[in-house]
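Keep in mind that this is a model prediction, so the values were computed, not measured. All ligand and atom numbering here is 1-based and tracks the order in the structure. What's counted below: heavy atoms across the whole structure, side chains too, no hydrogens, waters or symmetry copies. Residue numbers start at 1 and run along the sequence shown.
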Amino acid sequence: MAKTFYITTPIYYVNDVPHIGHAYTTIAADVLARYHRMRGHDVFFLTGLDEHGQKVQQAAAKAGISPQEHCDRFTPQFQHLWKMLDISNDGFIRTTDAKHQAVVQRFLQKLFDQQLIYRAEYTGWYCTFDERFWTEKDVEGGLCPDCQRPVEQLSESNYFFRMGQYQQRLLDHINANQNFIRPESRRNEVLGFLQKPLEDLSISRPKSRLSWGIELPFDQDYVTYVWFDALVNYVSGLEYLPAKPAVDRFWPATVHLVGKDILTTHAVYWSTMLMALEIPLPHTIFAHGWWTVNGEKMSKSRGNVVDPYAMVDTFGTDAFRYFLLREVPFGQDGDFSHESFIGRINSDLANGIGNLLSRTVTLIQRSCGGKIPISVSTETSDLDTELQATAEALIQEKLPLHLGSDRLEFNRMLESIWSLVQQANQYIDQTTPWVLAKDGEKKNRLNTVLYHAAETLRFLCVAVYPIMPGTAEEMSRQLGLHIDFSTPILAKSMAWGDLTPGIEVVKGKSLFPRIDPAAISKQGVTVSTESTPASSPKEATGEASPQSPSSPGNSSASPEVENQISIEDFQKIQLKVAKVLTAERVPKSNKLLKLQVDLGTEQRQIVAGIGKTYAPEDLVGKTIVVVANLKPAKLMGVESQGMVLAAGGKDVLGLVTLLEGEIDPGTQVR
Ligand code: MSP
């Protein structure tokens with residue numbers, strides 16, 4: 001029977017729209033779910049919403065609607081975001097589900113019958129925001145030690161769970177199970193917390209004060225306190241969300257992912273509740289750090305809450321997923337800034353993996369008739385074997401190590417993948433296939449080199465899939481592989497050399513167009529989606545190395561040259577066939593048109609002074625000729641990444657077009 005892997009995220013409060021913190025945990029859980037499915041494990045991935053409690057009740061009252069209506073309005077926002085972020089959860093739980101509520105009531109009744117829940121008068125300091133009582137010694141200056149908001153003294157009769165009696169058993173469990181709380185620093189925090197006597201836990205609220213909750217089965221004047229309701233989701237979800245009840249199949253959970261702020265509730269409240277219910281404890285509770293924004297705490301009042309929808313719209317799903325997991329070690333706090341995000345997109349994604357794919361496909365098309373060549377084993381060198389060794393170690397050793405539930409080192413996993421990307425880019429630089437291609441006697445070596453590059457990319461497709469599923473699909477498509485990632489590809493180890501020669505590669509769009517930081521709006525969440533940044537001229541020939549980013553800039557077009565030039569000089573100019581995709585006028589200019597053109601391997605934006613001669617709609621669909629390796633320049637503030645060829649001087653008389661209009665975009669013009 002396949003090994004099971006049950007992963008959960010916290011269930012999120014529906015008192016507000018989702019933010020980067022929610023996205024962070026859910027993406028991390030998705031990466032693990034996808035990775036374990038690839039390994040052939042029996043996976044269940046649960047996420048959902050925490051819909052009861054004071055905050056939801058208050059938010060609904062403010063909006064003048066019922067709490068249920070409020071929850072129903074907010075739920076699709078989360079569900080839609082998970083779709084946009086490519087989250088592959090198997091279950092989505094809502095604590096207002098009648099079946100969840102029934103499980104909570106069953107558990108409460110069981111503990112009540114065993115006298116593990118009792119009623120008592122309690123006086124304490126209550127924090128409305130955190131929905132919890134504090135003792136006298138916790139409260140300094142009348143403020144909640146957690147959120148620093150004023151607390152109020154309340155005296156009321158409530159129901160309590162005998163949590164205190166499990167203190168020693170919990171300590172023993174933590175001490176005996178090194179991986180129960182991760183990372184180590186958080187484990188120590190919980191052990192520290194358990195040095196103080198553990199008090200019993202209030203689990204109810206009188207309906208007179210909070211009605212939006214699950215009624216206690218043994219006292220209809222009370223509803224259960226938020227944590228007793230919410231934590232139970234991890235078990236109740238298995239009862240009714242899978243096609244068949246699956247508690248026996250998936251419990252105990254493999255990993256509960258939580259933010260550091262809710263570690264105590266999971267490690268202490270949930271664990272002791274499970275002990276009382278005689279249910280085994282989860283294997284691992286992993287607490288991640290918090291994101292700040294430009295060094296500041298993220299908050300609505302500061303207006304700096306990072307909106308995951310805007311991130312996806314602006315930068316794309318995979319870039320966002322990559323950044324969140326690459327930038328910061330999972331257990332630690334991290335800082336979000338647009339500068340670091342764009343830096344990563346340009347260096348790691350555009351220059352790194354995007355460049356590797358595009359140059360490999362281009363080289364195979366140029367020199368091997370567009371088909372994966374046959375590697376000729378008699379011609380291998382150390383460079384080849386080193387590349388193979390790194391690729392194999394990545395899949396067989398690095399991924400399982402870094403993604404082990406005790407570690408969850410997503411950033412180190414990505415570092416390992418990117419060392420292979422870098423090595424492969426250097427491999428191409430060092431073996432210079434474009435030079436080999438000029439020498440007929442080097443054909444075997446050329447084939448071996450390009451086979452190795454393509455085989456490395458096949459390994460990379462598999463390695464990046466859990467983090468960037470869309471990118472892996474696109475890489476696989478361009479390599480002509482059509483890998484079915486829904487099958488357990490990693491159930492047995494991948495063999496180097498399984499890439500079949502003869503497969504046709506397919507030209508495609510660039511994986512990650514470079515982003516121009518100057519194009520980011522003031523709020524820093526929107527970039528101009530029209531400008532597809534220029535790729536390095538070398539990229540088109542496959543020569544571009546990862547260290548050679550294109551130079552965005554304001555340099556103007558070359559002056560007209562009247563002197564005679566040599567043929568070598570002329571060959572420096574890359575003239576290419578392009579097809580006009582869209583055309584529009586540049587605002588406030590009667591001469592400039594902004595064109596989006598298809599250059600075969602990429603899309604470019606070109607600004608051309610042809611607006612007096614042509615209306616934009618006349619140009620769409622036309623096949624024209626462009627200078628493809630001109631340095632980008634800005635014309636009236638709009639970036640132009642090339643130049644169209646036209647007859648005439650100041651006044652344009654006509655565009656250079658081709659008699660045979662059906663020539664493929666990207667074809668060289670000589
Ligand atoms: N409903 C409870 C959890 C119940 S689980 C049985 C809850 N919800 S929450 O919506 O307030 O928070 C959910 C998660 O978001 C928590 O894990 C929290 O740590 C995380 N984050 C909230 N702000 C965050 C950041 N700024 N950065 C990273 N994660 C953050 O708590």
Undergrad: With heavy atoms of Gly289 as the reference, note each atom of ligand 1 found under 4.0 Å away.
TA: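 Those of ligand 1 that fall under 4.0 Å from Gly289 are 28 (C).
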Undergrad: Taking only heavy atoms of Pro10, which atoms of ligand 1 are found under 4.0 Å from at least one of them?
TA: 5 (S), 17 (O)
Undergrad: For His266, is the nearest heavy atom under 4.0 Å from an atom of ligand 1?
TA: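 Flag set, His266 near ligand 1.
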Undergrad: Who's the nearest protein heavy-atom neighbour of atom 17 (O) of ligand 1, and how far?
TA: Gly259 N, 2.9 Å
Undergrad: Of all the heavy-atom pairs spanning Arg326 and Asn411, show the shortest one and how long it is.
TA: O-CB, 3.6 Å
Undergrad: Which residue and non-hydrogen atom of the protein lie closest to atom 18 (C) of ligand 1, and at what distance in Å?
TA: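 Going by distance alone, atom 18 (C) of ligand 1 is nearest to Asp261 OD1, 3.4 Å.
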Undergrad: Against Phe315, only a single residue in Phe512, Phe341, Tyr309 fulfils ring pair (Phe, Tyr, Trp, His ring centres under 6.0 Å); can you say which?
TA: Phe341
Undergrad: For atom 15 (O) of ligand 1, what is the nearest protein heavy atom, given as residue, atom name and distance?
TA: His22 CD2, 3.9 Å
Undergrad: Check the side chains of Thr75 and Asp72 for a donor-acceptor pair under 3.5 angstrom, ignoring hydrogens and angles.
TA: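 Short answer, no.
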Undergrad: Which residue and atom name correspond to the protein heavy atom nearest atom 23 (N) of ligand 1, and how close is it?
TA: His19 CE1, 3.4 Å
Undergrad: Give the atoms of ligand 1, by number and element, whose distance to some non-hydrogen atom of Asp50 is under 4.0 Å.
TA: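 What qualifies from ligand 1 is 1 (N), 2 (C), 4 (C).
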Undergrad: For Trp291 and Phe336, take the angle between the two ring planes, folded into 0 to 90°, and tell me which bin it lands in: parallel under 30, tilted 30 to 60, perpendicular over 60.
TA: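 Aromatic pair Trp291/Phe336 classed perpendicular.
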Undergrad: Minimum distance, heavy atoms only, to atom 16 (C) of ligand 1: which one of Leu49, Val14, Ile262, Thr8 is it?
TA: Ile262
Undergrad: Could you tell me the residue and atom name of the protein heavy atom closest to atom 3 (C) of ligand 1, and the distance to it rounded to 0.1 Å?
TA: Ile11 O, 3.2 Å
Undergrad: Residues in side-chain contact (heavy atoms from CB on, under 4.5 Å) with Arg187, at least two apart?
TA: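 side-chain contact (heavy atoms from CB on, under 4.5 Å) check on Arg187 returns Ile174, Asn175, Gln178, Ile181, Arg182, Glu184, Leu191.
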Undergrad: Do any nitrogen or oxygen atoms of Trp227 come within less than 3.5 Å of a nitrogen or oxygen of ligand 1?
TA: no
Undergrad: What residues, two or more places apart in sequence or in another chain, satisfy salt bridge (charged side-chain N to carboxylate O under 4.0 Å, His left out) together with Arg344?
TA: Glu327, Asp348
Undergrad: What residue and heavy atom of the protein are closest to atom 27 (N) of ligand 1, and at what distance?
TA: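 For this ligand atom, the closest protein heavy atom is Trp291 N, 2.9 Å.
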Undergrad: Find all atoms of ligand 1 within a distance of less than 4.0 Å from any non-hydrogen atom belonging to Ala230, and give their numbers and elements.
TA: 6 (C)
Undergrad: In terms of ring plane angle, is the pair Phe218 and Phe112 parallel, tilted or perpendicular, where the classes change at 30° and 60°?
TA: parallel
Undergrad: Which residue from Trp290, Phe336, Tyr234 reaches closest to atom 6 (C) of ligand 1 through any of its heavy atoms?
TA: Tyr234
Undergrad: So is there a nitrogen or oxygen of His288 less than 3.5 Å from a nitrogen or oxygen in ligand 1?
TA: no
Undergrad: Measure the distance from atom 13 (C) of ligand 1 to every protein heavy atom, then report the residue, atom name and distance (to 0.1 Å) of the closest one.
TA: Tyr12 CD2, 3.4 Å
Undergrad: Closest approach of Gly237 and Leu46, non-hydrogen atoms and distance?
TA: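 Looks like CA-CD2, 4.3 Å.
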Undergrad: Cation-pi check for Phe5 against Arg39: NZ or CZ below 6.0 Å from the six-membered ring centre and within 45 degrees of the axis, yes or no?
TA: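 Negative - Arg39 is either too far from the ring of Phe5 or too far off its axis.
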Undergrad: Using a strict cut-off of 4.0 Å, indicate which atoms of ligand 1 neighbour a heavy atom of Met298.
TA: 26 (N)
Undergrad: Which atom pair, heavy atoms only, marks the closest approach of Ile214 to Gln101?
TA: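 Shortest heavy-atom contact: CG1-OE1, 3.6 Å.
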Undergrad: Name the closest protein heavy atom to atom 11 (O) of ligand 1, giving the residue it belongs to and the distance to 0.1 Å.
TA: Tyr13 CD1, 3.2 Å
Undergrad: How long is the gap from CG on Asp50 to CD1 on Ile93, to the nearest 0.5 Å?
TA: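 Interatomic distance, Asp50 CG to Ile93 CD1, rounded to 0.5 Å: 10.5 Å.
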